[in-house]
Every structure is written in C-alpha cells, then in structure tokens.
There are 2 protein chains.
Amino acid sequence: MNPNSCGHYDPSAKDMQQLCISLVPIFNHLQPEEMKEIAATTKSARYERNGQIYGAGDRSAHLYIVHRGRVKLYRLSESGKEQLIRILEPGDFMGELALFSETVLDCYAVAMEKTELCTIQRSDLQEILMKYPAISLKIMEEFSRRLEQTEKQVSSLTSADAEGRIAAYLVQLAKKVDAHVHTITLPMTKKDLASYLGTTPETLSRKLAEFQERGFIEQTRQRDIRVLNIEALSAMRTK
Amino acid sequence: MNPNSCGHYDPSAKDMQQLCISLVPIFNHLQPEEMKEIAATTKSARYERNGQIYGAGDRSAHLYIVHRGRVKLYRLSESGKEQLIRILEPGDFMGELALFSETVLDCYAVAMEKTELCTIQRSDLQEILMKYPAISLKIMEEFSRRLEQTEKQVSSLTSADAEGRIAAYLVQLAKKVDAHVHTITLPMTKKDLASYLGTTPETLSRKLAEFQERGFIEQTRQRDIRVLNIEALSAMRTK
DNA sequence: TTGTTACCTTGATCTGCATCAATAAATGAA
DNA sequence: TTCATTTATTGATGCAGATCAAGGTAACAA
C-alpha cells in the first residue's frame with residue numbers, strides 16, 4: 001500500500017525529511033551529505049490517530065521509519081481477536097520483511113496518535129545499503145536486538161504463568177525509569193497489554209489488584225503505577 | 001568461548017573450509033576469489049554428539065555457521081527446565097547477537113549429532129561486511145525470516161491452545177514433504193518438541209494419541225507419523 | 001549381549017485462568 | 001458540557017492442561 005493513499009505527503013518539507021533521517025539510529029551516524037542523498041529518496045507521510053498505515057494482505061515494498069508519534073503493530077487471530085505484536089516509537093522501523101522476501105503482509109500497522117513516518121522504497125534502500133554498508137550493520141544490530149526480545153517473549157510465554165509475566169513486565173518497566181521514583185506509566189491500554197502478555201484484560205486487572213493488595217504496587221491513575229516492592233515482583237517468576 | 005577449546009580445529013583442511021563457505025546461503029552467492037578470502041578468516045570446529053558449543057554466561061564474539069550436523073539451541077528456565085529455542089541445520093547460523101551488541105550469551109548451543117561448524121570472529125566479519133555489502137543483505141534476509149518465524153510462534157502461543165499448536169505443527173511438517181506420502185519424521189524428541197510448542201511431554205503424548213484415535217494420524221515408529229487427514233488437523237486451531 | 005539411562009505413555013488429581021456477564025469508569029467526539 | 005463508545009473492574013463458573021506418579025520402551029555404552 002502506498003503511504004500516500006492513507007497519509008498526507010508533503011513535498012515542500014525537504015528540511016523536515018532530512019531531519020527525519022538525522023534522527024533515527026540507523027542513519028544518524030552518516031555524514032551530512034550522505035544523509036542528504038538518502039533524504040532525497042524518502043517520502044514523508046502523516047497519519048492521524050487510528051489512521052491505518054498498512055493492513056494484512058497488503059503488498060508493501062517500503063521500509064517505514066517512525067519519525068514522530070507511535071505506531072501499533074498487531075495481528076488478527078482466526079476469531080478476530082487483536083494480538084499486539086509491538087509498539088513502535090520514534091526511531092523504530094517496520095516493514096522490513098517485505099524488503100527481503102516477496103511476502104504479503106500479515107499484520108496491521110495503525111497510528112496510535114498523530115504520527116509522522118519516513119518511507120523508503122525497497123529498490124532505493126537496496127541501493128543505499130550497497131553504497132553505505134555501515135547502515136546494514138546498524139540495521140542488523142536492531143534486528144538482533146528485536147530477535148532477542150522476541151525470543152525472550154517466547155521464553156516467558158512458555159516458562160512463566162500469567163502472574164509471573166505481568167510481574168516481570170512491571171519490573172522491566174520500573175528498571176527503565178529513575179531508580180528512586182519507580183512510578184511507571186503503561187505505554188498502552190491494559191487491554192493491549194493483556195494481549196501483549198498473552199493473557200486477558202480480566203486476568204491482568206485481577207493480578208494488578210492482587211499485587212496492590214499485597215503491597216507490591218499502588219495503582220494511582222488509569223495507567224500509572226507506583227512500584228513499591230520491586231524485589232517481591234522480581235521473585236515472582238514461577239515454573 | 002573459543003570453539004577450539006571444545007571442538008577440534010583442523011588446520012590442514014583448507015579446502016573443506018572453503019567448501020563450508022560455499023555451502024551456506026549467506027556466502028554462496030560470492031565469486032570464488034571472494035569466498036577464498038573469507039575462508040581464510042574462518043576456522044573450522046567439530047563437535048561430537050552432545051558436545052557443548054557454548055553456554056549461557058559465555059562471552060562469545062563469533063558467528064557460528066553450521067556446515068554439517070545439527071545444533072540445538074535452548075535456554076534454561078529458573079527451575080532448570082530446558083526450553084528449546086530452535087534447531088539449526090546446515091547453512092543456518094547463530095551467535096549473531098554477540099556480533100552487534102556486547103551482551104553475554106543467555107542460551108546453550110549443543111551438537112545433536114556429529115557436527116561441523118565454521119566460525120568467524122566478530123572483527124573479521126565486520127570487515128567482510130563493509131567490503132562485501134551484498135552479504136549483509138543475505139544476512140538481513142535471514143534475520144527477517146527468523147524474526148517472522150519467531151513472531152508467529154508468539155502468536156500461536158497466545159492465540160491457540162496446546163491442541164491447536166500441536167496440530168498446526170504437524171500440518172506445517174506435512175506440507176514440507178511430498179504431498180502424497182505425508183509421512184513425517186519429527187526432527188527432535190517428543191520431549192524437546194513439547195518444550196518448543198510450549199507444552200509438556202504428557203500433553204503432547206495424549207494429544208497425539210487422541211489424533212490417532214480420531215483417525216487424523218497414525219503413529220508408526222517412535223518419531224514417525226503418517227498424516228491421514230491434514231484438513232481436519234488444519235481446522236483445529238482454536239480461540 | 002547386558003545394563004543403564006533417557007524417553008514415552010497412560011492414569012488420577014488439582015488449579016490457574018479463560019470465559020461469560022454485568023457494572024463502573026474513563027475517554028474522545030460533538 | 002453532554003453523550004457515546006471504549007476500557008476497566010469484579011463475580012461466578014468450567015475446563016484445558018500442568019503436575020505427580022508409575023510402568024513400559026527405546027537408545028546407547030561398555
């Protein structure tokens with residue numbers, strides 16, 4: 001699917017496009033002229049909240065790089081249930097499968113808020129990669145990070161129960177923020193989080209209530225949680 | 001871990017090493033001289049059945065390419081249970097995480113049979129990739145394939161029950177072999193397969209027995225299964 | 001060959017959590 | 001602001017499958 005058919009292409013914002021290139025990790029190590037050259041091959045696209053970037057069944061041959069905003073990637077199961085794959089933040093990219101194999105996309109990409117993407121066409125990117133091999137190294141770095149992350153997700157699904165997975169997720173989030181504050185904000189709805197963790201909203205809700213009961217956490221607002229006892233949560237992975 | 005400390009390094013088999021390079025998909029598209037150049041930087045290592053190639057906690061900076069034999073990659077859960085990540089066959093590679101990030105390995109690699117690997121050092125590979133950018137494209141292709149595969153595994157763990165996952169696995173195997181024969185051989189023990197599918201050997205055994213009861217399959221020898229009704233199995237994914 | 005070990009199978013039990021249902025609360029649009 | 005829709009919570013119920021146990025079988029080493 002051409003991004004222009006959903007989003008808005010703004011041909012006048014050349015500087016902004018270059019900015020996009022200079023912001024994302026896979027390109028921001030290049031020389032200014034190199035960036036300029038690449039920027040010339042990219043297009044920019046904007047999406048409103050809930051705007052669909054692509055859907056299952058599309059045949060895209062683009063690499064999408066998130067410049068601003070957030071994108072939700074999900075699959076639909078047989079029964080129509082939404083399974084969250086991951087959330088992309090600025091600097092992340094998607095669509096790479098279509099770049100290397102001639103496959104049909106099997107998941108949906110939707111903007112979670114006002115979002116701006118850079119897109120690069122398959123053929124253009126391949127030329128760029130042949131010319132600037134260092135970019136490939138960056139992309140592979142990102143690939144391996146994501147592969148590691150996804151493999152760990154498989155591990156946690158097979159080796160921990162729902163309670164353990166939820167606890168581990170909170171610990172992981174808490175460790176990212178300031179070590180003393182430990183107030184975290186869930187990056188998505190609890191419904192989506194439940195899907196991501198391989199459980200249901202009901203179970204997630206119950207487990208969080210139980211953690212609070214036991215004094216491990218305190219739920220302040222809708223998606224804000226203060227972690228009070230990170231050790232107890234850490235000790236929770238079972239099996 | 002240096003492969004030479006576990007396996008046997010055979011410095012006289014230069015031709016064999018070159019052969020190794022010429023056999024794996026990420027290198028076999030190169031010109032003969034290019035292959036020769038790369039072969040000069042690789043080492044060969046042999047492992048006996050059950051020989052450990054590396055273990056969790058090791059700090060490897062090698063890319064391992066399977067030349068002959070099969071390698072089992074697994075993680076140990078908190079409780080010491082083995083979780084199978086994947087099985088590598090000739091042409092597959094592993095250890096790529098260590099090539100791009102300075103992380104400690106968190107899984108085990110063990111030869112399932114007499115196995116021969118090529119190893120390339122991190123620094124050597126990075127030089128090669130900068131010199132021959134086409135290799136990076138091949139590696140990224142493989143990365144994206146694996147990422148897709150792993151993401152699908154996550155999907156199946158969250159969206160299908162054990163019965164559905166087992167059925168889907170059989171279908172997938174059956175589709176790989178000759179369409180008319182439909183006799184498949186499990187590539188691993190049922191214990192490992194259960195781990196891979198996120199269930200227990202007991203459940204796997206029971207479900208296979210049930211499938212046989214219902215006439216969908218026929219279990220011949222230990223790991224041989226004749227698929228009699230692939231449609232019924234396909235229709236089994238639930239949720 | 002024999003012994004040893006690991007693997008597989010079947011039975012009985014028990015529990016974690018999905019599911020269905022019914023409010024309540026929050027969010028975004030108008 | 002108000003209304004409509006999505007999201008979150010809490011209760012009651014049922015079942016798939018994990019776990020424990022024990023006997024049978026295949027694989028491998030000596």
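The CZ-P distance, from A/R223 to C/dA26, rounds to 13 Å in whole Å. The nearest whole Å value for the distance from the CG atom in A/D161 to the C1' atom in D/dT19 is 14 Å. When the C1' atom of C/dC17 is taken as reference, atom CD of A/E202 falls 10 Å away, rounded to whole Å. Atom-to-atom, CG of A/D224 to C1' of D/dA8 comes out at 15 Å; the value is rounded to the nearest Å. In this structure, B/N50 atom CG and C/dA6 atom C1' are separated by 11 Å, rounded to whole Å. We find that CG of A/L186 is positioned 15 Å from P of C/dA26, with the value rounded to whole Å. C/dA25 atom C1' lies 11 Å from atom NZ of A/K190, rounded to whole Å. Straight-line distance from the CD atom of A/Q222 to the P atom of C/dA25: 12 Å, rounded to whole Å.
Side-chain nitrogen and oxygen atoms of A/T189 include none within less than 4.0 Å of the OP1 or OP2 phosphate oxygen of D/dT7. OP1 or OP2 of D/dT7 sits under 4.0 Å from a side-chain N or O of A/K191. Phosphate proximity of D/dA18 to B/T199: present, with a side-chain N or O under 4.0 Å from OP1 or OP2. For D/dA8, neither phosphate oxygen OP1 nor OP2 lies less than 4.0 angstrom from any side-chain nitrogen or oxygen of A/S205.
Among all heavy-atom pairs drawn from B/A174 and B/I184, the shortest one is CA-CG2, 3.6 Å.
Within the cation-pi definition used here (under 6.0 Å to the ring centroid, within 45° of the axis), B/R146 qualifies as a partner of B/F93.
Heavy-atom distances to DNA chain D give each of A/A209 and B/K207 a nearest nucleotide, and the one nearer the 5′ end belongs to A/A209.
Nucleic acid contact class of B/R49 (heavy atoms, under 4.0 Å, all strands): sugar-phosphate only.
In this model, no donor atom of one side chain and acceptor atom of the other lie less than 3.5 Å apart for A/S144 and B/E96.
Side-chain to base pairing of A/R206 with C/dT19: one donor and one acceptor N or O lie within less than 3.5 Å of each other.
With A/E116 as reference, A/R68 is the one residue of A/R68, A/K43, A/R70 to meet the salt bridge (Lys or Arg N to Asp or Glu O under 4.0 Å) rule.
Note: A/Y169 and A/Y196 have perpendicular aromatic rings, judged against thresholds of 30 and 60 degrees for the angle between ring planes.
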